[in-house]
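If you're wondering where the values come from, they're calculated on a predicted model, not measured in any experiment.
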Amino acid sequence: MIIRTKVAAPTSTARYDHGMGGTNRDEFSARTKASLAARAGHRCSNLTCRRLTVRPAWQDAEAFLNLGEAAHIYAASPKGPRYDASMTSNERKSIRNGIWLCKTCAKIIDSEPAAYPPEMLAVWKQHAEAGAVRDSAAAADQVGLLLADIAAARELVLSFCESWERNEPYMGFEVPFEVRTESLLKYSNDRVNSYHREVAPHVSRVLTIARYILGSSHQAIIDLDRESTHASVNYIGMRECARMLQQLHSVLELR
């Protein structure tokens with residue numbers, strides 16, 4: 001069956017090169033363009049847009065409209081925006097130099113390149129692909145439940161930390177060193193045991209579900225796993241664990 005698609009208009013950089021008589025562009029292959037679209041879940045990678053870039057054509061039951069564009073992070077030619085002369089031709093047309101956007105956002109980033117530096121576009125791409133992984137692994141209501149669990153776990157960590165820190169025993173130097181040391185060690189051991197009993201299971205549950213949705217190699221998972229392992233040792237570790245929970249929450253709630 002033949003699928004008919006709407007022919008895409010030239011990108012803003014392509015139009016610019018054409019107007020200046022330039023023809024030496026390092027274009028993406030058709031396979032690279034298709035991979036960029038699929039890896040972004042066929043949504044614009046702009047974190048404030050996230051528009052779906054494919055839809056049915058109403059007047060043709062066999063056709064669909066492509067509303068997206070494979071844009072270059074670093075320009076495909078010297079006259080384009082964000083051009084990097086140190087890159088090779090293969091690097092410019094590599095999928096690593098591409099980002100999937102709707103046609104409107106592709107035009108905007110190339111019209112105002114200073115406002116959309118390569119580093120920003122790389123972050124857009126990373127989060128868009130993480131969003132596609134998330135959406136393929138869980139329905140919206142499942143993600144919503146996990147977000148609620150993460151928020152609850154974060155509040156539990158912080159409240160535990162504040163409560164135990166507030167009640168930390170204070171003993172002046174008039175108290176013998178041995179007595180002070182024994183008291184502080186007992187309090188520390190009690191805190192660690194209470195943390196593993198009351199808090200750690202909730203953080204562990206969040207990690208288990210988040211790994212299923214985002215994958216074990218996602219940086220937010222790695223960071224939380226690292227901090228949660230030693231969070232019970234001191235109050236700094238607990239607060240850092242809470243910060244990593246917030247980071248994971250931010251990744252999962254991206255549109």
Which heavy atom of [X] sits nearest to which heavy atom of [Y], and what is that distance?
X: A138; Y: V143; result: CB-CG2, 3.9 Å
X: L52; Y: G41; result: CD1-O, 4.3 Å
X: L248; Y: A220; result: CD1-CB, 4.1 Å
X: A231; Y: M238; result: O-CG, 3.1 Å
X: V203; Y: C241; result: CG1-SG, 4.4 Å
X: L101; Y: I109; result: CD1-CD1, 3.4 Å

Kindly compute the distance separating [atom1] ([X]) from [atom2] ([Y]), expressed to the nearest 0.5 Å.
X: C161; Y: R191; atom1: SG; atom2: CZ; value: 9.0 Å
X: M244; Y: L207; atom1: CE; atom2: CG; value: 12.0 Å
X: T104; Y: L67; atom1: OG1; atom2: CG; value: 9.0 Å
X: S45; Y: H127; atom1: OG; atom2: NE2; value: 11.5 Å
X: I99; Y: Q126; atom1: CD1; atom2: CD; value: 11.0 Å
X: Y187; Y: E168; atom1: OH; atom2: CD; value: 5.5 Å

Partners passing salt bridge (Lys or Arg N to Asp or Glu O under 4.0 Å) against [X] (at least two apart in sequence or in another chain):
X: R43; value: none
X: R134; value: none
X: D190; value: K186

Residue list, ring pair (Phe, Tyr, Trp, His ring centres under 6.0 Å) with F160, at least two apart or on another chain: W164, Y195
Sub-4.5 Å side-chain heavy-atom contact between [X] and [Y]:
X: V251; Y: Q219; answer: no
X: Q247; Y: S250; answer: no
X: L146; Y: I213; answer: yes
X: I221; Y: S217; answer: no
X: P56; Y: F64; answer: no

Verify the cluster assignment for [X] and [Y]: are they in a single hydrophobic cluster under the rule of side-chain heavy atoms below 4.5 Å apart?
X: I73; Y: I95; answer: no
X: L252; Y: V133; answer: no
X: V157; Y: L147; answer: yes

E91 atom CD: more than 12 heavy-atom contacts under 6.0 Å: yes
Flag if over 12 foreign heavy atoms under 6.0 Å of CD1, I222: yes
S86 side chain to D84 side chain, donor-acceptor N/O pair below 3.5 angstrom: yes
Donor-acceptor pair between T32 and S29 side chains, under 3.5 angstrom: yes
Residue pairs fulfilling salt bridge (charged side-chain N to carboxylate O under 4.0 Å, His left out) with at least one residue in residues 212-241, sequence neighbours excluded: E165-R239, R211-D225, D223-R226, E240-R243
Partner set under side chain to side chain contact (heavy atoms under 4.5 Å, CB included) for N193, not counting sequence neighbours: R197
Set of side chain to side chain contact (heavy atoms under 4.5 Å, CB included) partners for N189, sequence neighbours left out: none
Side-chain donor-acceptor pairs under 3.5 Å in residues 149-156, sequence neighbours left out?
| residue | atom | partner | partner atom | Å |
| --- | --- | --- | --- | --- |
| D149 | OD2 | R205 | NE | 3.4 |
| D149 | OD2 | R205 | NH2 | 3.0 |

Under the ring pair (Phe, Tyr, Trp, His ring centres under 6.0 Å) rule, what pairs show up with a residue in [range], not counting sequence neighbours?
range: residues 196-218; answer: none
range: residues 100-122; answer: Y116-W124
range: residues 24-61; answer: F28-H72
range: residues 222-242; answer: none

Carboxylate-amine/guanidinium contact D110 R82, below 4.0 Å: yes
Lys/Arg-Asp/Glu bridge criterion (N-O < 4.0 Å) met for K93, D26: no
Steps toward side-chain contact (heavy atoms from CB on, under 4.5 Å) verdict (R51, C102): CA-CA 7 Å; R51 183 176 298 141; C102 70; 3.8 Å; yes
Could you check whether any side-chain N or O of [X] sits under 3.5 Å from a backbone N or O of [Y], counting only pairs where one atom can act as donor and the other as acceptor?
X: E162; Y: S159; result: no
X: S188; Y: L184; result: no
X: S111; Y: K107; result: yes

Check against side-chain contact (heavy atoms from CB on, under 4.5 Å), N24 and S77: CA-CA 6 Å; N24 187 24; S77 65; 5.8 Å; no
Residues N90, T88; criterion side-chain hydrogen bond (donor to acceptor under 3.5 Å, both in side chains); working and verdict: CA-CA 5 Å; N90 285 337; T88 66; 5.4 Å; no
